[in-house]
Asker: 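Just dropping this structure here.
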Amino acid sequence: MWVRVGDAVLVCSLRGRFRVKKASLQVVAGDRVAVRQDPGGAGVTLEDVFPRDSSLSRWIERGVGERAIVANVERLFVVTSLAEPPLRPVFVDRVLAAAEWGHAPAAVILNKTDLAGRGEVEGFSALYRGCGYEVFPTCAATGQGLDALERLLGSGVYAFVGLSGVGKSSLINRLDPNLEQVTQEVVERTGRGRHTTTSSQLFPFRGGFLADTPGMQTFGFPGRDETELAACFPEITRIDTRCRFEPCTHSHEPGCAVKAAVEAGAIASSRYQSYLAIIEEIRTHTKEQSW
Ligand code: GDP
Ligand code: ZN
């Protein structure tokens, strides 16, 4: 493991006391840690892992459950296009929900605006802005829209998650041309399957860090309890106290304020369909867990 101490990047060993052994199972890229200088050596030993502000996790498999990929993300960008490849709303919504789950601030990048039809960019942007997310329409091919993104990037940890072909490496290379050599690797690692246990890695990116997010393209939603999913959809959280039943999963219960809002057009039906699809996913995990 590598640890940044001031301006130096040092080899960090995980040997040590009990709590360190325990922490070593959980330490991920982006974690803030305490280390001790090895006597006589150039390296350091992990002493402690500090509580996280946020994390991104994914479902691994039964018996393992949730696993953090990266911690303390300043901003998670969900990158999508409307065409080539076509929009997959459930993917976008699952990543946004996973960010909410881990208290990671998320935003949406709508790339390939040059390929979108008339009004489509505005329609998509309005939908997600209505849910409370910032939306950045970009065209990595021309650089259009990247200035708004650049203004947001500081010294923190950033992650770009999106399906293959939406333009992640094109965007990243435009934002930081020095990264060109490593982005291919980042993208390749990101494309690995859901059952790999590979953890994330940080790369220097502008004034901050870029995290790769292995397995996030085909990942399972990290939560275990379907009644907690509503809290990961801000537009549902805003109204779900009005449901007749408590708790309400907003799927089959009568007197559900969320279903009424979908019917009235106040909640986008694509978002609600994603919500239901993720509920289904959580039920499948739970079934797997029980045997
Ligand atoms: P990644 O798999 O998400 O990293 O996607 P890439 O960055 O490799 O881009 C996939 C393809 O889309 C490449 O051929 C890019 O040149 C192209 N591409 C990326 N951004 C844009 C864009 O804004 N507009 C158009 N038309 N093509 C783009
Ligand atoms: Zn309800």
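First listed ligand is number 1; within each ligand, the first listed atom is number 1. Residue numbers start at 1 and run along the sequence shown.
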Asker: Would you kindly say whether Q273 and S269 are connected by a side-chain donor-acceptor distance under 3.5 Å?
Answerer: no
Asker: Do NZ/NE/NH1/NH2 and the carboxylate oxygens of E281 and R94 come within less than 4.0 Å?
Answerer: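 Yes, this pair counts.
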Asker: So for ligand 1, is T113 a polar contact partner (N or O within less than 3.5 Å, distance only)?
Answerer: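 Between T113 and ligand 1 (N or O atoms, distance only) the closest approach is not under 3.5 Å.
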Asker: In degrees, rounded to 10 degrees, what angle do C248 atom SG and C243 atom SG make at the Zn ion (ligand 2)?
Answerer: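 About 120° at the Zn ion (ligand 2).
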Asker: Salt bridge check, R271 against E235: does any charged N sit closer than 4.0 Å to a carboxylate O?
Answerer: yes
Asker: Of all N, O or S atoms in H250, identify the one at the shortest distance from the Zn ion (ligand 2).
Answerer: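 It is ND1 of H250.
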Asker: Pull out every atom of ligand 1 sitting under 4.0 Å from any heavy atom of K168, numbered as shown with elements.
Answerer: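 Counting atoms of ligand 1 from 1, those under 4.0 Å from K168 are 1 (P), 2 (O), 3 (O), 4 (O), 5 (O), 7 (O).
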Asker: Ignoring angles and geometry beyond distance, decide whether A140 reaches within less than 3.5 Å of ligand 1 through its nitrogen or oxygen atoms.
Answerer: yes
Asker: Show me which atoms of ligand 1 lie under 4.0 Å from any heavy atom of L163.
Answerer: 3 (O)
Asker: Looking only at non-hydrogen atoms, which of A83, G145, S169 approaches atom 8 (O) of ligand 1 most closely?
Answerer: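 Closest candidate by heavy-atom distance is S169.
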Asker: S55 versus V28: any side-chain heavy-atom pair under 4.5 Å?
Answerer: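 No. Closest side-chain heavy atoms not under 4.5 Å.
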Asker: Please state whether G162 comes within less than 4.0 angstrom of ligand 1, counting heavy atoms only.
Answerer: no
Asker: If you measure from the Lys or Arg side-chain nitrogens to the Asp or Glu carboxylate oxygens, is any gap between E84 and K112 under 4.0 Å?
Answerer: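 Salt bridge absent between E84 and K112.
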Asker: Taking both backbone and side-chain atoms of C139, is any N or O found less than 3.5 Å from an N or O belonging to ligand 1?
Answerer: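 No; every N/O pair is 3.5 Å or more apart.
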Asker: For the hydrophobic clusters of this structure (ILVMFWY residues joined by side-chain heavy atoms under 4.5 Å, transitively), does one cluster hold both F245 and I239?
Answerer: no
Asker: Given that the side chain starts at C-beta and the backbone is N, CA, C, O, which of these parts of L115 lies under 4.0 Å from ligand 1, counting heavy atoms, or is it both or neither?
Answerer: side chain
Asker: Is there side-chain contact between R58 and P222, with at least one heavy-atom pair below 4.5 Å?
Answerer: no
Asker: Does E122 come within less than 4.0 Å of R129, counting only side-chain N to carboxylate O?
Answerer: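 Looking at R129 together with E122, the answer is no, because their closest N to O distance does not fall below 4.0 Å.
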Asker: Take the angle between the ring planes of Y275 and H250 and call it parallel below 30°, perpendicular above 60°, tilted in between.
Answerer: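 Y275 vs H250 ring planes: tilted.
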Asker: Look only at interatomic distance and state if K112 has a nitrogen or oxygen under 3.5 Å from any nitrogen or oxygen of ligand 1.
Answerer: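 Yes.
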Asker: So if I count the atoms of ligand 1 from 1 in the order they appear, which ones are less than 4.0 Å from some heavy atom of S170?
Answerer: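 Listed by number with element: 6 (P), 7 (O), 9 (O), 15 (C), 19 (C).
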Asker: Find all atoms of ligand 1 within a distance of less than 4.0 Å from any non-hydrogen atom belonging to V166, and give their numbers and elements.
Answerer: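 Atoms satisfying the 4.0 Å criterion: 3 (O), 5 (O).
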